[in-house]
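So the structure is just underneath, and the comments pick up after that.
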Amino acid sequence: MQLPDKMVEYLETVRQQIRWKKAQAPVLEEIRNHLSDQKDALIKDGIDEETAICKAIEEMSDPVVVGEQLDRTHRPRPDWPLLAMTAILLLFGLSIQFMIGLDIHNGMEMFYKQVIWSGLAIIVLLVAYFVDFTIMGKYSWIIYLLLIAMTIGGSWFYGRGYARLTAIPLLLFPTIFAGMVYRIRNRGYGGLILCGATAIIPALLSLFTHNWTVLALICLSCLTILTYALAKGWFNVRKLYSLLILYLSSAIVLSMMFFTLISQPYARQRLQVVFNPSLEPTSSGYIGTVIQRFLSNSRLIGEGLPVNGYGQYPLSHLLPGANSDFILTYLTYKFGWIIFIGIILIFMAFITRSVLMGTRQRSLLGQLVSLAIILTFAIQWFTFIVSNSGFLLFGPLTLH
Amino acid sequence: MDKSLLSGSTTMLILKLLEETDMYGYEMIEELGKRSKNVFELKAGTLYPLLHTLEQNNMLISYEKVTEKARIRKYYSITKRGRKHLHEKAEEWGVYTAAVNNVLGGVDFATA
């Protein structure tokens with residue numbers, strides 16, 4: 001029997017919320033039958049077919065909510081290969097750090113710390129993997145406020161010198177932002193403005209704690225998430241108008257931030273050194289100069305040529321963070337550009353796979369959350385690669 | 001799995017219906033509405049996630065049956081575990097309502 005369009009549309013929306021493909025068909029069959037039963041019963045009561053269809057759908061309640069509840073009931077089985085792959089990469093990273101750590105003053109101490117942090121990270125990862133991700137939508141406001149409290153508390157407690165630690169909660173903002181956009185997706189222009197307001201607060205916090213990397217990350221990912229949501233027709237607003245509002249207001253806010261920053265002498269000086277580290281080769285441009293000089297002496301395969309002007313010291317002693325923030329520079333000089341290229345390729349493969357998995361997400365919340373996570377990860381990676389090439393505008397604050 | 005679905009009184013009502021005879025979803029909503037004189041208007045959007053959760057917890061099992069109109073219907077049947085859960089819930093409910101009645105106005109109020 002040919003189903004009426006409205007029912008097909010309803011069923012399709014429900015289907016899109018159920019992420020576990022195997023569960024979809026039988027569940028939809030059941031719901032389709034229910035709708036047909038309801039419709040037939042209403043027609044029997046003397047209602048015309050068109051109204052009966054509408055009433056049947058109405059009595060079923062919101063397809064997104066129904067689909068989400070069914071999605072929660074039908075949890076997919078864990079993707080063990082993916083988890084195993086993550087574990088292998090983590091162990092690989094740790095063993096490289098161990099090897100370099102042997103070579104560095106207090107390197108072993110840092111290695112042990114890293115082992116402890118990795119242990120914690122695995123616990124967090126497993127919790128995040130197995131926990132029902134729809135809480136991102138449900139409790140996004142509470143998590144948002146908690147993150148803000150943690151950032152403010154952290155920077156008050158540690159002071160500005162520990163920008164790294166205060167950056168950790170800020171990194172989660174784009175993901176939570178996705179949850180919030182999802183929550184207020186039906187609220188029209190008011191909702192859109194609310195979204196903008198919620199994005200500005202963490203952006204300002206990262207500005208005040210001098211986390212330029214995080215600032216860029218938050219602005220870029222929140223803007224992308226909102227663009228995506230608007231392009232999908234959320235918020236029930238006119239696409240062109242709302243995109244115009246979004247980009248105009250972002251441009252104003254960002255340029256205000258930029259001019260405040262640039263008006264401070266220290267920031268201007270920092271910018272100059274970023275573009276040309278050799279202006280200050282022994283002070284603020286030191287790291288940039290070391291990286292650029294050693295990289296220019298690196299070969300495609302094998303250890304790089306000796307660099308003049310630094311005495312007999314090996315790179316691991318000259319470059320702070322050779323086993324962490326600038327590990328890629330170190331490996332490139334030690335083993336050749338082949339490592340640099342290889343790591344970029346692995347990263348590209350990883351991102352491509354994530355994007356593919358993300359586009360296969362039919363659940364709306366799932367799509368947006370995976371977009372946010374991919375963006376966070378990609379921007380972190382990008383800043384890591386760029387700073388390991390000696391361009392230090394965005395410190396590699398947060399990777400590892 | 002959503003634990004909150006299991007705790008509600010809706011679970012008890014559904015299990016009670018199925019204790020008497022096997023039913024499919026639409027039938028349950030109709031029957032519940034009829035018996036409660038339309039006080040309980042269960043939404044299908046609530047019913048199916050609940051049924052699926054109960055099935056995953058082995059309180060129900062389902063089977064398919066083809067109707068006269070060649071429609072495939074999914075019937076639900078209560079299991080031993082489901083019956084046990086129902087009796088526990090019913091007992092709890094009894095204690096609860098008795099307590100509420102005691103507060104509101106004694107036994108007379110409850111039987112009036």
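Chain identifiers are assigned alphabetically (A, B, ...) following the order of the sequence lines, protein sequences preceding nucleic acid strands; residue numbering begins at 1 within each chain.
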Heavy-atom contact with chain A under 4.5 Å, split by part of L47(B): neither
Under 4.5 Å from any heavy atom of chain B - which part of E58(A): backbone
Check: N57(B) side chain, M59(B) main-chain N or O, donor-acceptor pair, under 3.5 Å: no
Partners meeting side chain to side chain contact (heavy atoms under 4.5 Å, CB included) with E55(B) (sequence neighbours left out): S62(B), K74(B), Y76(B)
Validation row: C54(A), K6(A) side chains within 4.5 angstrom (heavy atoms): yes
Over 12 foreign heavy atoms within 6.0 Å of CH2, W93(B): no
Side chain to side chain, S354(A) and F377(A), heavy atoms closer than 4.5 Å: no
Contacts of residues 16-27 of chain B with chain A (heavy atom under 4.5 Å): Y24(B), G25(B), Y26(B)
Over 12 foreign heavy atoms within 6.0 Å of CZ, R35(B): yes
Atom group of E59(A) that falls short of 4.5 Å from chain B, counting heavy atoms: backbone
Validation row: V369(A), Y182(A) side chains within 4.5 angstrom (heavy atoms): no
